[in-house]
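What follows is a single structure, written as structure tokens, with notes after it.
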Amino acid sequence: MAKPAPQRRYWLFKSEPEVYSFSDLLAERGRRTSWNGVRNYQARNLLRDEIAVGDGVLFYHSSTDPLAVVGTCRVVRAGYPDETAFDRGSPYYDEGSDRAAPRWFTVDIEAVCAFPEPVTRARMQAEPALAGMMLLRRGSRLSVQPVTAAEWRAVLRLAGVREEDA
DNA sequence: GCCAACGTTGGC
DNA sequence: GCCAACGTTGGC
């Protein structure tokens with residue numbers, strides 16, 4: 001008997017567009033990138049242990065105007081050691097991480113859907129279905145966050161995007 | 001620019 | 001292990 005397929009899960013990745021925008025992702029070969037440089041243990045644990053190939057990712061622009069979810073991605077490679085932590089020339093270098101015992105992890109994502117219009121934070125705050133969303137909690141700083149299936153669907157609805165296109 | 005929230009560091 | 005000090009994040 002075949003194993004049941006694991007439930008697809010959903011996440012939200014934050015990025016300052018000045019540093020790395022959704023447009024930058026769309027311009028990558030294969031619209032793919034390694035989500036490296038995350039240096040927070042809680043986020044690291046999600047990247048290393050929880051995020052699976054096929055999971056959906058909301059791409060959020062932080063510290064900008066307007067604050068918004070601008071598109072979706074899918075995970076194309078699950079957690080593996082973040083090479084930038086070993087690279088002395090990288091701004092993300094961490095001498096406490098080595099290949100024998102990597103401290104930081106990354107996943108690869110691929111852009112799936114650029115929203116026709118960004119779903120702004122203001123719009124999300126006005127949406128009852130998103131009342132409990134981690135992103136909207138005061139002081140929420142985690143750059144890799146879990147998103148519920150209901151929140152995922154609500155954001156797609158606000159974006160005017162069909163689930164099968166995201 | 002302000003400041004609340006949160007994470008990390010380090011003395012004890 | 002506690003906790004004060006400090007640094008960073010990120011919305012406002």
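By convention in this document, chain letters (A, B, ...) are assigned in the order of the sequence lines, proteins followed by strands, and residues within each chain are numbered from 1. The shown structure was predicted, so the numbers you read here are calculated from the model rather than taken from an experiment. Hydrogens, waters and symmetry mates are skipped; everything else that's a heavy atom, side chains included, is used.
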Derivation and outcome, side-chain hydrogen bond (donor to acceptor under 3.5 Å, both in side chains), residues A/S97 and A/R39: CA-CA 11 Å; A/S97 185; A/R39 296 293 178 266; over 6 Å; no

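- If you walk DNA chain C from 5' to 3' and mark each nucleotide with an atom closer than 4.0 Å to a heavy atom of chain A, the marks span C/dG7 to C/dC12.
- The distance from atom CG of A/N40 to atom CZ of A/R141, rounded to the nearest 0.5 Å, is 8.0 Å.
- Under the 3.5 Å distance criterion, with hydrogens and angles disregarded, a donor-acceptor pair is assigned to the side chains of A/D24 and A/S21.
- The line from CD of A/E110 to CZ of A/R74 is 4.5 Å long, rounded to the nearest 0.5 Å.
- Classification of the A/W104-A/Y41 ring pair by plane angle, with boundaries at 30° and 60°, yields tilted.
- For the atom pair CE of A/M134 and OG1 of A/T148, the computed distance is 10.5 Å after rounding to the nearest 0.5 Å.
- Residues A/L156 and A/F115 have side chains in contact (heavy-atom distance under 4.5 Å, counting atoms from C-beta outward).
- The OG1 atom of A/T120 sits 8.5 Å away from the CG atom of A/L67 when rounded to the nearest 0.5 Å.
- One distance of note links NE2 of A/H61 with CZ of A/F22; it measures 8.0 Å at 0.5 Å rounding.
- A/F59 CZ to A/I109 CD1: the interatomic distance, rounded to the nearest 0.5 Å, is 6.0 Å.
- DNA chain B lies under 4.0 Å from at least one heavy atom of each of the following residues of residues 138-148 of chain A: A/R138, A/G139, A/R141.
- Over its full length, the helix from B/dG1-C/dC12 to B/dC12-C/dG1 turns its helical axis through 10°, comparing axes from the five pairs at each end and rounding to 10°.
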